[in-house]
Amino acid sequence: MRPLADLVGPGPTAPATVAGLDVAYAESGDRLAAAVTVLDARTLAVVDRAVGVGRPAFPYVPGLFAFRELPALLDALEKLTVRPELLVCDGHGLAHPRRFGLACHLGVVTGLPAIGVGKTPLVGEWDPPAARRGAWSPLRDGGEVIGRVLRTRDGVKPVFVSVGHRMSLDNACARVLALTPKYRLPETTRTADRLCREALAAAC
DNA sequence: GCGACAG
DNA sequence: ATCTTGTCGC
């Protein structure tokens with residue numbers, strides 16, 4: 001599927017809606033809840049939301065993460081009534097050992113523009129970006145630039161941004177900064193995180 | 001062989 | 001991902 005990913009874009013510069021996706025797991029590991037929240041890209045208000053609950057379809061194996069979370073995320077995506085113009089994934093896109101992380105997989109399967117925003121690295125080397133919000137440094141692996149280490153808050157640990165599908169790296173970083181007016185992680189990720197935890201608790 | 005390893 | 005404990009800062 002890797003050749004099917006559009007790593008150029010540039011994708012929408014002013015999307016009307018942006019979606020956040022996340023998954024929560026039961027402590028026992030036998031249940032999970034996936035959530036998608038769709039935000040108005042200008043006001044960051046949630047305009048649609050959907051969840052999918054079930055059992056993990058695959059064990060957690062670094063590099064094969066999509067096989068674990070993608071099925072439940074697709075379930076949730078199908079329940080949306082609003083078609084988001086961009087998917088902001090909790091995990092990497094191009095910044096993957098075989099250059100096809102969750103964000104690429106989700107983008108190709110849905111056909112929607114997608115980007116990956118990881119909290120910790122999976123592959124690559126980088127220099128720490130300057131302390132100011134907006135500062136960044138290239139994430140490199142095997143002689144190629146696979147993403148960007150982006151500071152979304154002054155003096156706070158940066159996030160790892162990479163292209164998923166139908167988006168340029170420049171635009172991906174601009175979208176992430178637009179989604180982080182107050183906290184380290186995008187508002188899309190934060191609302192989806194709360195929703196999947198809530199859905200998991202409700203699905204007792 | 002050893003260490004690393006998105007969530 | 002999940003859980004715990006303690007510290008720092010607004």
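Each chain gets a letter, A, B and so on, in the order its sequence line appears, and its residues count up from 1.
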**Student:** For A/Arg133, is there any backbone N or O sitting under 3.5 Å from a side-chain donor or acceptor partner on A/Asp154?
**Tutor:** yes

**Student:** More than 12 non-hydrogen atoms from neighbouring residues, nucleotides or ligands closer than 6.0 Å to CZ on A/Arg184, yes or no?
**Tutor:** yes

**Student:** Do A/Leu122 and A/His96 touch side chain to side chain, with heavy atoms closer than 4.5 Å?
**Tutor:** yes

**Student:** Got a list of protein N/O to nucleotides 7-10 of chain C N/O distances below 3.5 Å?
**Tutor:**
none

**Student:** At 4.0 Å (heavy atoms only), tell me whether A/Arg31 reaches a base, stays on the sugar-phosphate, or touches nothing.
**Tutor:** nothing

**Student:** Using 4.0 Å as the upper bound for N to carboxylate O, is an ion pair formed by A/Arg197 and A/Asp22?
**Tutor:** no

**Student:** Quick one: is the NZ or CZ of A/Arg31 closer than 6.0 Å to the six-membered ring centre of A/Tyr25, and within 45° of its axis?
**Tutor:** no

**Student:** Any carboxylate oxygen within less than 4.0 angstrom of a Lys/Arg side-chain nitrogen, looking at A/Arg49 and A/Glu198?
**Tutor:** yes

**Student:** For DNA chain C, what string of dots and brackets results from 5' to 3' when Watson-Crick and G-U pairs need both distances under 3.5 Å, crossing pairs get [ ], and pairs with another strand get |?
**Tutor:** ..........

**Student:** Rounded to the nearest Å, what distance is computed from the CG atom of residue A/Leu73 to the P atom of nucleotide C/dA1?
**Tutor:** 13 Å

**Student:** Tell me, for nucleotides 2-7 of chain B in 5' to 3' order, what letter each nucleotide earns: B for a base near a protein heavy atom under 4.0 Å, S for only sugar-phosphate near one, - for neither?
**Tutor:** ---BBB

**Student:** Between A/His105 and A/Phe67, what is the ring plane arrangement, given parallel below 30°, perpendicular above 60°, and tilted in between?
**Tutor:** perpendicular

**Student:** side-chain hydrogen bond (donor to acceptor under 3.5 Å, both in side chains) between A/Ser137 and A/Asp127: does it pass, once the steps are laid out?
**Tutor:** CA-CA 6 Å; A/Ser137 58; A/Asp127 291 319; over 6 Å; no

**Student:** Kindly say whether the aromatic ring centers of A/His92 and A/Phe65 come within a distance under 6.0 Å.
**Tutor:** no

**Student:** Are any of the side-chain nitrogens in A/Glu187 or A/Lys182 under 4.0 Å away from the carboxylate oxygens of its partner?
**Tutor:** no

